[in-house]
Amino acid sequence: MIDPDTWNQACRELSTRDPILGKLVRETEKGRLLSRGEPFQTLVRSIVGQQISVKAADSIWERFRTVCPACTPSEIIQASVDSLGASGLSRRKVEYLKDLAFHFLERKIRTDRWIVMADEEIIADLTRIKGIGRWTAEMFLIFNLLRPDVLPVDDVGLQKGVSKSYFSGKPVSREDIRELAKNWKPWCTVATWYLWRSLTPLPVEY
């Protein structure tokens, strides 16, 4: 987990190894990655927000919370498909939420074990759930578990940040990013955060 001291250490090491990242660290307003909190609710919100705008996701989330105010697995299991759909969720997303709730209720997902599990083991754990792919699992590692060395090469924001800062705006491949990231380890999460911030002054959250 990345605490404030670890974050500062990562910034120092990245700045020493990579002059471009060092410049981004110096130019970016103070701030750091903060955890989104409770795992189940974080995953629910990630499913609600898939493939729609932030504004639309926020609107659906508010309506969803009138159906499931506590946002617990048992609430979602007990809620009818029609009531969940009336909040703006597609049938497929309702199915995803029901499957997520089932995994938590049946303890097929054991969040208490994640502290001792490697990143790839947690990704494998999460991607067994309908509607959660590798990118969503990586965002969970970054924003909920605060894992320090996650490199989401499929993330459009990271691709754009690398393109802008390292390739003069030219398209980049996943392999280009992986090659650069050899110099960022074991702080790929921190490097990714600063590259996101190079595109927008607002802190990135998922």
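What you are looking at is a predicted structure, and each value in this text was computed from that prediction instead of being measured.
- Considering OG of Ser15 and OH of Tyr194, their distance stands at 7.5 Å, rounded to 0.5 Å.
- Residues passing the side-chain contact (heavy atoms from CB on, under 4.5 Å) test with Pro4, sequence neighbours excluded: Arg32.
- Considering only residues two or more places apart in sequence or on other chains, Arg91 meets the side chain to side chain donor-acceptor pair (under 3.5 Å) condition with Asp82.
- Met139 and Val156 are assigned to two separate hydrophobic clusters, defined by single-linkage of ILVMFWY side chains at heavy-atom distances under 4.5 Å.
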Test side chain to side chain contact (heavy atoms under 4.5 Å, CB included) on Ile142 and Leu146 and set out the steps. CA-CA 5 Å; Ile142 291 172; Leu146 301 180; over 6 Å; no

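- Counting only heavy atoms from C-beta outward, the side chains of Trp193 and Leu24 never approach each other to under 4.5 Å.
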Derivation and outcome, side chain to side chain contact (heavy atoms under 4.5 Å, CB included), residues Val190 and Leu33: CA-CA 8 Å; Val190 180; Leu33 189 62; over 6 Å; no

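- A distance of 7.5 Å separates CG in Asp149 from CG in Asp119, rounded to the nearest 0.5 Å.
- Through direct or indirect side-chain contacts shorter than 4.5 Å among Ile, Leu, Val, Met, Phe, Trp and Tyr, Val116 is connected to Ile115.
- In this structure, the separation between CG on Asp99 and CG on Leu97 is 9.5 Å, given to the nearest 0.5 Å.
- Within the structure, ring pair (Phe, Tyr, Trp, His ring centres under 6.0 Å) pairs that include any residue of residues 70-100 do not occur (at least two apart or interchain).
- When hydrophobic side chains of Ile, Leu, Val, Met, Phe, Trp and Tyr are connected at separations under 4.5 Å, Phe102 ends up clustered with Ile77, Leu105.
- The backbone N or O of Asp155 sits nowhere less than 3.5 Å from a side-chain atom of Lys160 that would complete a donor-acceptor pair.
- In this structure the side chain of Arg107 reaches within 4.5 angstrom of the side chain of Asp112, judged on heavy atoms.
- Residues Leu34 and Trp187 do not share a hydrophobic cluster, clusters being chains of Ile/Leu/Val/Met/Phe/Trp/Tyr side chains in contact below 4.5 Å.
- Counting only heavy atoms from C-beta outward, the side chains of Thr192 and Leu151 approach each other to under 4.5 Å.
- Between the side chain of Ser59 and the backbone N or O of Ala56, no donor-acceptor pair lies under 3.5 Å.
- We find the NZ-SG distance between Lys182 and Cys188 to be 12.0 Å, quoted to the nearest 0.5 Å.
- The backbone N or O of Lys185 lies less than 3.5 Å from no partner atom in the side chain of Glu13, so there is not a single donor-acceptor pair.
- Residues satisfying the side-chain contact (heavy atoms from CB on, under 4.5 Å) criterion with Ala118, sequence neighbours excluded, are Glu121.
- Applying the ring pair (Phe, Tyr, Trp, His ring centres under 6.0 Å) rule to pairs touching residues 39-71 yields Phe40-Phe104, Trp61-Phe64, sequence neighbours excluded.
- Ile52 has its side chain within reach of Lys93: a pair of non-hydrogen atoms, C-beta onward, lies under 4.5 Å apart.
- For Arg174, the side-chain contact (heavy atoms from CB on, under 4.5 Å) partners are Val153, Asp154, Gln159, Arg178, not counting sequence neighbours.
- With sequence neighbours excluded, the residues satisfying side-chain contact (heavy atoms from CB on, under 4.5 Å) with Asp125 are Ile109, Arg113, Trp114, Met117, Arg128.
- Considering OG1 of Thr136 and CG of Leu126, their distance stands at 9.0 Å, rounded to 0.5 Å.
- Residues Leu21 and Ala191 approach most closely at CD1-CB, 3.7 Å, considering heavy atoms.
- For the atom pair Asn144 CG and Gln41 CD, the distance stands at 10.5 Å (nearest 0.5 Å).
- Applying the side chain to side chain donor-acceptor pair (under 3.5 Å) criterion to Gln51, with sequence neighbours excluded, gives no partner residue.
- Annotation: side chain to side chain donor-acceptor pair (under 3.5 Å) contacts of Asp3 (sequence neighbours excluded): Thr6.
- By the 4.5 Å heavy-atom criterion applied to side chains, Cys68 and Leu84 are counted as neighbours.
- Checking side-chain atoms of Thr66 against main-chain N and O of Arg63 turns up a donor-acceptor pair under 3.5 Å.
- The closest side-chain heavy-atom distance from Tyr166 to Leu195 is below 4.5 Å.
- Under a hydrophobic-cluster definition in which Ile, Leu, Val, Met, Phe, Trp and Tyr are linked whenever side-chain heavy atoms come within less than 4.5 Å, directly or via other members, Leu158 and Leu199 are assigned to different clusters.
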Are Arg147 and Glu138 close enough, and set up right, to give a salt bridge (charged side-chain N to carboxylate O under 4.0 Å, His left out), and what steps lead you there? CA-CA 9 Å; Arg147 290 297 177 97; Glu138 287 172 337; over 6 Å; no

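- Ionic pairing of Asp58 and Arg45 is present here: one or more N-O contacts between side-chain nitrogen and carboxylate oxygen are shorter than 4.0 angstrom.
- Across every non-hydrogen atom of Ala101 and Pro73, the tightest pair is CB-O, 3.5 Å.
- Using a 4.5 Å heavy-atom cutoff, the side chains of Val162 and Leu180 are in contact.
- Ser163 contributes no side-chain N or O that, together with a main-chain N or O of Val172, makes up a donor-acceptor pair within less than 3.5 Å.
- Applying the side chain to side chain donor-acceptor pair (under 3.5 Å) criterion to Ser80, with sequence neighbours excluded, gives Ser83.
- Remark: the backbone N or O of Ile132 is not paired with any side-chain donor or acceptor of Thr127 at under 3.5 angstrom.
- Salt bridge absent: Glu75 and Arg65 never bring a charged side-chain N and a carboxylate O closer than 4.0 Å.
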